[in-house]
Amino acid sequence: MKANEIREEFLNFFRTKEHRIVPSAPMVIKNDPTLMFTNAGMNQFKDIFLGNHPAAYKRIANSQKCLRVSGKHNDLEEVGLDTYHHTMFEMLGNWSFGDYFKKEAIEWAWEFLTSRLGIPQERIYATVFEGDSEEDVPRDDEAADHWGRCFASPENHILNGSKKDNFWEMGETGPCGPCSEIHVDIRSDEERAARPGHLLVNTGHPQVIEIWNLVFIQYNRRAGGELELLPEKHVDTGMGFERLCMVIQDKKSNYDTDIFQPLIAASAVVTGKPYGGSQARDTAHRVIADHLRTVAFSIADGQLPSNNKAGYVIRRILRRAVRYGYTSLEMTEPFIHKLLPSLIESMGDQYPELSAQQEIITRVIFEEEQAFLKTLGKGLKMIERRVAALRKEGKNIFPGSDAFELFDTYGFPVDLTQLIMRENNMTLDEEAFRRELNTQKERSRDDAAVTAGDWVVVHDVENTLFTGYDRTEDNITIARYRKVVSRGKEAIHLVFDKTPFYAESGGQTGDRGFISSGSEKVAVTDTVRENNLIIHIAEKLPGNLSASFRAVVDSEARQDTSNNHTATHLMHHALREVIGKHVEQKGSLVTPERLRFDFSHFSQVTQEELAAVEQRVNEMIMKNIVSEVYHDTPMEQALAMGAIALFGEKYGEKVRVVSFGESVELCGGTHVESTSRIGIFKITSEGAVAAGVRRIEAVTGRRALSFINEKLKTLDQITGMLRSTGNPAANITKLINENTALKNTIEKMRVEAAAAVRSELTARAVTRGSCRIYSGVLEETPPETLKTIAHQIRQSDGTSIVILGSAIEGKASLVVALGEEAAESSHLDAVELIKAVSPEISGGGGGQPFMATAGGKRPEGLNEAVDKAVALAQKRL
RNA sequence: GGGGAUUUAGCUCAGUUGGUCAGAGCACCUGCCUUGCACGCAGGGGGUCAAGGGUUCGACUCCCUUAAUCUCCA
């Protein structure tokens, strides 16, 4: 059976069991700092289990894209080395929310595996929770009974499992329960006869593997640690799709299934290196196949590779693939992007977002590959230089600090450094490298450690209510607080029962303002979000914590921010109108000062297009379109309203829809009541930010007004200076042309004048021994010219000692220059000389031994200074 | 969140302890050479040295702030 058929079979099977089939949630998670990527099938249903909102359907099944590359589950460095680790995988799952429980979950799992997929039951093993006396939880006999009715001969096929393997918990607190895992033995008959499978379950044997975990959520873990029975019981299951395919297709490796083989085959063709036979090459092909999947899906989900957070994780994954291609497959040119068609061919049907965004995915990957290859090239050059230097000194140990600098600052992989060392018969001081890395780790940990103190609860409040959509002031009480120390500065985090303060989210920066009670007033400098907590960052702790406070948002800043946020929506809409529907948001920043919007587009936005977009937005502003906001709208309904679906929305989630006429977006931010509040919209810059992504920055309202006024002021100044009512641009062009002509003339004259001055100085020059002293005070000569003249003299006459002074604009300047022969024979030092005489002009100076300059505030002393310098020079000759 | 680095001509980058230091290559323009193209030769235009402050007689260079980008750690 092909992989696509297996997936289809799973979904169809549960469809017949009255399950609602839902699409996979995006892999990239927004607005949850504890989790960057979806790492399990149940992520998108977390809120249902937590009881935060009811399930829209009692039975659901799906295939969920998951990523395990950060945090607790980090498989990245394992991928490729073996046959079963992945960064991205699909999780097949079926769920019951307060509906069916253990009986059906077990029976259906059994039916699906044995009847639908035809896995022989003697190869199947089921584990059940053995119980825990400390927790006072008995063995899961209920599950064992159901399994007992499935197997024809249950002995040795139903096994007890420990708390570690068979009791599932979401976190420290919250829903949890026993689980039952299904393992499959895919060894040959001989091997199975020699050693029964039940002895190998949960021992890490690569061919006796867990494929499905059925979790029975029946308890709630309370803060004190005790378990209480839940009124509603849930089922949460997850089956690794790639593993399942390996079992069904009778392969020994996930990478041998038809999920990966087309990709690996394409990789072999593009690189010209076959798969099979060479460990290094095979590893590289597997790495590339796995990582391409991950990166392509992430980009399709709206997460571009970037320099921080989730985007940086994606960048590193891609770079790991490039690195393997570079070292093991000798690929020095971008090639991974060429494999995309193969991925689309095998997965495009199930995940249409891939083909829909093929162009941008290809471009982004190509650009990233190129950038990293460049980084590698730079690193190689640096290493070559170091190696050459070390060779000169006769050393053959490459310092760890150098390797660390290459790695830390320039991103050059250390294993590549090692490889190059081997090629050069040198060794890397790994010990020192690790030391440097550890000090960096400690530094980061220290920083993280001092940050947050424990929360102190004042009033028990479950969820802060955000009241800031329609007001900027409210009466609040403090729910909890904590002290946070960072870089020696103490700040206070406050959580209220309700708040008008908007917490930074969705690109919109947090509100600032103050809270007050009686005579006390505490400033709130920023507002941030941590999971569902809205945290107000205050400069100090209020005196009376239990008092009632007036919370006041800086309404001017808020208004400016709202202006910018609404303008962002209008511009998004206008961009799609003017340059096309391919425009999709790739990033957004909204502050009181400005707005910044990144979006997919493949060429420069022309002046005309920018003007049209600006024009269109201003039209919408002038039309005074009134906002329509729908809170708690089901996702499906929002999409039906024509909302531009952004990323990070989960199935079943209630969303907030903000619309201004034709502009309809899902958005949690604050907006103006009607577009005319924005006043004016003005684009200030446009540029590239990554391959296929452009960035526009703009301002609104009073900021736009002052931006425009600044420009007009400059224009006024220009036309004023031109003293002409005609076209200033034409006038200036004329002026520039005249100016260049004049400059050329002046340059010529200056050369002549300098020559004249020179000849005058030459005429007055005095010979002393083997040197000639040129001296004098010139009139109104700028320091640069003075230098030029002195320089010319010292070049034309090697025996010259030049001492010149000049006053201009109330400032005095001196220059001393020595011709080459003069410098040698006289042992004079220009710096010494100029320092000796510069006090005469109330200044100081310096330079090089053959040429020094000085400046001062007393032009009257110029003659004195020059005379003194001449006298000093003469004395030394 | 913390550390390191980068920002100089349209592009890729040099620029030493502050002082004839604003440069190179490519690209561009003009002319010559060539049947044409590429090459070659000669000449030329193009810079708020990221932005804003400060120190200094003098700042691309030192200090501070800000922004963007790169990179490592958490």
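Only heavy atoms go into these numbers, but all of them, side chains included; no hydrogens, no water, no symmetry mates. Reminder, nothing fancy here: chain letters follow the sequence lines and each chain counts from 1.
Under 4.0 angstrom from either OP1 or OP2 of B/C73 there lies at least one side-chain N or O belonging to A/R316. Contact check, A/R315 against B/C70: a side-chain N or O comes under 4.0 Å of OP1 or OP2. Neither OP1 nor OP2 of B/U66 sits under 4.0 Å from any side-chain N or O of A/R594.
Distance, A/F407 CZ to B/U71 C1': 9 Å, rounded to whole Å. Following rounding to the nearest Å, A/F372 (CZ) and B/U71 (C1') show an atom-to-atom distance of 11 Å.
With contacts defined as side-chain heavy-atom distances shorter than 4.5 Å, the pair A/Y774/A/D797 qualifies. The side-chain heavy atoms of A/H493 and A/H536, taken from C-beta on, include no pair separated by under 4.5 Å.
Taking atom P in both B/U48 and B/G2, the straight-line distance is 33 Å, to the nearest Å. Comparing B/G46 with B/G52, their C1' atoms are spaced 26 Å from each other, to the whole Å.
Between A/F372 and A/Y326, the gap from one ring centroid to the other reaches at least 6.0 Å.
A salt bridge links A/E368 and A/R315; the closest N-O separation between the charged side-chain nitrogens and carboxylate oxygens is under 4.0 Å. Between A/R386 and A/E405 there is a salt bridge, since at least one side-chain N of the basic residue sits less than 4.0 Å from a carboxylate O of the acidic one.
In terms of heavy-atom proximity, A/V699 sits nearest to A/N564 at C-OD1, 4.4 Å.
Using a 4.0 Å heavy-atom cutoff across all strands shown, A/G855 reaches at least one base atom of the nucleic acid. Within 4.0 Å of A/R794, counting heavy atoms only, lies no atom of the nucleic acid at all.
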### Message
Let's test your reading of the pairing rules: Watson-Crick or G-U wobble, both distances under 3.5 Å, then write RNA chain B as a dot-bracket string with ( ), [ ], | and dots.
### Response
(((((((..((((.....[...)))).(((((.......))))).....(((((..]....)))))))))))).

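With B/A5, B/C73, B/U71 as the candidates, the nucleotide lying closest to the side chain of A/R319 is B/U71.
Residue side chain A/T853 does not reach the base of B/G58 through any donor-acceptor N/O pair under 3.5 Å, judged by distance alone.
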